[in-house]
Asks: 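Dumping the structure here so I can ask a few things about it.
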Amino acid sequence: DKEHRHKDHKKDKEREKFKHSNSEHKEHSEKKHRDKDKERLKHSDSSSDKHRQKHKDRDKDKRREEKVCLWVVGMLLNENFFSLIGCVVLLFVMIRWEEERYTDGSKWRFLEHKGPVFAPPYEPLPGKVKFYYGGKPMKLSAPAEEVATFFAKMLDHEYTTKDIFRKNFFKDWRKEMTSEEKSVITDLNKCDFSEMSEYFKAQSEARKQMSKEEKQKIKEENERLLQEYGFCIMDNHKERIGNFRIEPPGLFRGRGDHPKMGMLKRRIRPEDIIINCSKDSKHPKPPPGTKWKEVRHDNKVTWLASWTENIQGSIKYIMLNPSSRIKGEKDWQKYETARRLKKCVDRIRAQYREDWKSKEMRIRQRAVALYFIDKLALRAGNEKEEGETADTVGCCSLRVEHIKLYPKLDDQEYVVEFDFLGKDSIRYYNKIPVEKRVFKNLQLFLENKQPEDDLFDRLNTSILNKHLQELMDGLTAKVFRTYNASITLQQQLKELTCSDDSIPAKILSYNRANRAVAILCNHQRAPPKTFEKSMQNLQNKIDEKQNQLSAARKQLKAAKADHKASHDDKSKKAVEMKRKAVQRIEEQLMKLQVQATDREENKQIALGTSKLNYLDPRISVAWCKKFGIPIEKIYNKTQREKFAWAIDMADKDYEF
DNA sequence: CTCGTCACTTAGTATAGGACGG
DNA sequence: CCGTCCTATACTAAGTGACGAG
């Protein structure tokens, strides 16, 4: 018990640090927000007024704090014994809470919100927009029409041509039809949605052409909705909600070769929604004439509302924004776990290398799989239900058909070729030389197996994670991804950054370090549709700059010659001017060239995912502080909000 | 040990909206 | 000021991993 408490105490202290930096930051941003509101209210204010206002605000805050302090002191000094008792009880409850919060798995003590925003109801098509079956116009019942519009809106998409998509869609569509419709519409190929499709195209065109005022009105309405439904109170903070809108109905588009693509994603009603909030909060009201499925008060979870989705039968949640305390703390914890792995990774590596020699097959498989997870940053690879999802794999679910062994390939020995579809059906393709022992083990694992058999037939994620748990508290397969990503960034930054580079050059280095991680984690993207064009545009700009530069250089030369001839002050000044101009253009050119390199290298690589989910933000913050890079160059507004804790916490010497 | 459930993180893409250059 | 282009954001699918029942 003593030991336990000691550990907890240490944890608490660290948490205290986190909370402090986080709330401090929040105060800043809240204040900014308030100031902005005021700006909106009286936009005629002069800037000095605003400035004064800011000061006033700060003073007010200070005074309020002082008042609270005085109140507490007053209570303590008060002769009124009962107030004193009250005060002590309050403190006791607070302390008790602080302890409880971390030992019993509670996530909050007070939670109040307004519930979700539902998708707008279906608006029937104007009569002139017709659906045709077998060339004849046909008026559809509202439910059938709605589902038809989902298809019509996707008509330009490739997947409306796919067999599975069409089959699934048609089956679900027929369920929405009246019996007469059902008897008439028996063949999707005879359906003509083109008028509907044209109508929606025209609608979106019209939306683009809307006047400023109309756009402004929509914007204001969105803002109102955000203000009303987009925030909740969790404990003592107003927190931004991540997704407060319920997903609208539509046709399901799974990624990759998904067996359920085209199925109807049904409309979610209040009767489907479970609300989660605290008992003592003002409960959200369901829309008039409706009821929630349930209102519960479970403070062991972080979600505010949930519903069961009809495609996979999984649960969807409404949760807080990444900037919230609850998400930030968890994020921070994740990186702390990865840092603990750093301390013992050598031991673990030695261990799995040793296990390659084990007498037991299951241990060898475990060790080789772990080697892949560590070296190649593969995902764990949980089993999936066949026929329910696209056929994708991770490490533990690799099959024989996903690897090829080459005892010799070109000038390398023991090469393993990986070729499989991972998460989101993104292809992982890699040829990698491995140690002889690993290679021999793989040959052993492949013996007497069919292509569709599991490579690691004695292993799954649960076995692997149980083993990892024994090696380090809190260790799971995904910690390796976090650890290797973060350590790679740190090491690459060290390697690539030159302190006397210009800021754009340093940022290129940062992006390259980021890119190394994205490649490691296989974070790909489809090349943007306009990639070639935008590259060309940039190249044109570069050419233009180059011309400017040679012109400026010529002028400088001329000015110099002029100065040599006349030796007067005026010509000297002219030389200086021209010299500066050349310098400025050189800088601009450099910047453009850097931008072009960056963009080219980024064609098929997505940096965002690793930045947001794998890279300890304190590494980036420290790097910025060390090299005098403004943090805004690395993190945009949202990212700064998410990583507020790190921005406050890390100094220039932070080591992951 | 298997299976299903649940909660939460990680993922790529479509598009809204804002910056920027003519 | 307006159209173009790019970035940020919204959206939601698809993973991971814990846990409990049988």
Side-chain angles (χ1 to χ4, degrees), chain A residues 105 107 119 154 157 204 207-209 212 215 218-219 222 226 230 242-248 250 252-256 258 260-261 265 274 276 298 300-303 306 308-309 311-322 326-327 330-331 333-334 379-385 388-390 392-397 421-426 460-466 468-469 474-482 485 518 521-526 528-531 533-538 541 544 595 599 604-614 635-639 641:
Chain A
K107 306 287 169 63
M154 295 177 147
H157 238 289
S204 75
R207 222 170 305 131
K208 272 184 220 155
Q209 299 301 321
K212 242 188 205 158
K215 280 185 182 167
I218 290 172
K219 204 174 158 190
N222 276 332
L226 173 68
N243 55 328
F244 57 94
R245 284 170 209 270
I246 301 274
E247 295 171 20
F252 176 79
R253 168 59 183 170
R255 304 208 244 259
H258 198 116
K260 300 198 170 185
M261 65 169 82
K265 212 170 87 160
I274 301 173
N276 194 32
D298 181 357
K300 301 283 195 292
V301 297
T302 66
W303 51 268
S306 73
T308 301
E309 153 267 351
I311 304 288
Q312 323 269 1
S314 64
I315 307 167
K316 301 247 179 172
Y317 301 94
I318 289 182
M319 290 187 194
L320 295 193
N321 187 278
I326 211 150
K327 294 284 185 190
K330 197 83 188 291
D331 206 34
Q333 235 178 63
K334 174 182 77 187
R379 295 188 187 81
N382 284 309
E383 294 106 306
K384 309 170 67 184
E385 218 174 324
E388 293 290 301
T389 57
T392 62
V393 297
C395 185
C396 293
S397 49
L421 298 182
K423 181 176 178 180
D424 294 307
S425 292
I426 298 290
N460 62 38
T461 52
S462 157
I463 296 170
L464 179 65
N465 280 333
K466 244 175 227 134
L468 293 176
Q469 190 58 239
L475 186 60
T476 63
K478 84 187 192 93
V479 179
F480 280 88
R481 247 167 106 80
T482 312
C521 295
N522 200 37
H523 291 141
Q524 300 188 28
R525 62 166 186 175
K529 281 190 191 75
T530 53
F531 185 84
K533 206 170 113 197
S534 86
M535 246 4 240
Q536 193 53 54
N537 285 345
L538 199 52
K541 270 195 209 167
E544 199 182 308
Q595 206 185 341
R599 195 178 292 177
Q604 308 199 59
I605 300 169
L607 298 187
T609 304
S610 50
K611 204 179 208 176
L612 237 47
N613 300 301
Y614 288 105
Y635 291 140
N636 66 31
K637 185 164 101 14
T638 320
Q639 293 164 342
E641 277 165 18

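Remember, it's a predicted structure, so these values are computed and weren't measured experimentally.
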Asks: Whole angstrom is fine here: how far is it from NZ in A/K384 over to P in B/dT2?
Replies: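 It is 20 Å, rounded to the nearest whole Å.
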
Asks: Rounded to the nearest 0.5 Å, how far apart are CG of A/L607 and CG of A/L612?
Replies: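 Going from CG on A/L607 over to CG on A/L612, the span is 11.5 Å.
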
Asks: Please list, for nucleotides 18-22 of chain C, all pairs of protein and nucleotide N/O atoms separated by less than 3.5 Å.
Replies:
none

Asks: Can you tell me how far C1' of C/dA10 sits from CG of A/N321, to the nearest Å?
Replies: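 Nearest whole value for this atom pair: 12 Å.
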
Asks: Of all the nucleotides listed (B/dC8, B/dC6, C/dA8), which has the minimum atom distance to the side chain of A/N636?
Replies: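 Nearest listed nucleotide: C/dA8.
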
Asks: Measure the distance from CD on A/Q312 to P on B/dC6 and round it to the nearest whole Å.
Replies: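 Distance, rounded to whole Å: 15 Å.
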
Asks: What's touching nucleotides 15-21 of chain B from the protein side, N or O pairs under 3.5 Å?
Replies:
none

Asks: Which pair of non-hydrogen atoms, one from A/F244 and one from A/G230, has the smallest distance, and what is that distance?
Replies: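 Answer, listing the atom of A/F244 first, then A/G230: CD2-CA, 3.6 Å.
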
Asks: Can you check the A/K611 NZ to C/dT7 C1' distance for me, whole Å?
Replies: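 Rounding to the nearest Å, NZ of A/K611 and C1' of C/dT7 are 12 Å apart.
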
Asks: Strictly below 4.0 Å: does A/Y317 bring a side-chain N or O up to OP1 or OP2 of B/dT9?
Replies: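 Indeed not, no polar side-chain atom of A/Y317 lies that close.
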
Asks: Starting at CD1 of A/I426, measure out to CZ of A/R525 and round the result to the nearest 0.5 Å.
Replies: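 It comes to 12.0 Å.
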
Asks: I'd like a list of close polar pairs between nucleotides 12-14 of chain B and the protein, N/O only, cut-off under 3.5 Å.
Replies:
| from | atom 1 | to | atom 2 | distance (Å) |
| --- | --- | --- | --- | --- |
| B/dG12 | OP1 | A/Q524 | N | 3.3 |
| B/dG12 | OP1 | A/Q524 | O | 3.4 |
| B/dG12 | OP2 | A/T609 | OG1 | 2.8 |
| B/dT13 | OP2 | A/A526 | N | 3.2 |

Asks: Is a donor on one side and an acceptor on the other found under 3.5 Å between the side chain of A/N382 and the backbone of A/N460?
Replies: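 No.
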
Asks: Checking all strands, does A/S462 fall into the base, sugar-phosphate, or nothing category for heavy-atom contacts under 4.0 angstrom?
Replies: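 Here A/S462 touches no strand at all.
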
Asks: Could you tell me how far apart A/K215 (NZ) and C/dC2 (P) are, to the nearest whole angstrom?
Replies: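 Result: 11 Å.
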
Asks: Would you classify A/G381 as touching base, sugar-phosphate or nothing, given that sugar-phosphate means primed atoms plus P, OP1 and OP2, and contacts are heavy atoms under 4.0 Å?
Replies: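 Contact class for A/G381: sugar-phosphate only.
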
Asks: Rounded to whole angstrom units, what separation is found between the CG atom of A/N613 and the C1' atom of C/dG15?
Replies: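 Distance check: A/N613 CG to C/dG15 C1' gives 12 Å.
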
Asks: It should be established whether A/T392 places a side-chain nitrogen or oxygen under 4.0 Å from OP1 or OP2 of nucleotide C/dG15.
Replies: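 Yes.
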
Asks: Can you measure A/H258 atom NE2 to C/dA14 atom C1' for me and round it to whole angstrom units?
Replies: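 So the two atoms are 9 Å apart, to the nearest Å.
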
Asks: Could you please spell out the steps behind the side chain to side chain contact (heavy atoms under 4.5 Å, CB included) verdict for A/D298 and A/W303?
Replies: CA-CA 9 Å; A/D298 181 357; A/W303 51 268; 5.6 Å; no

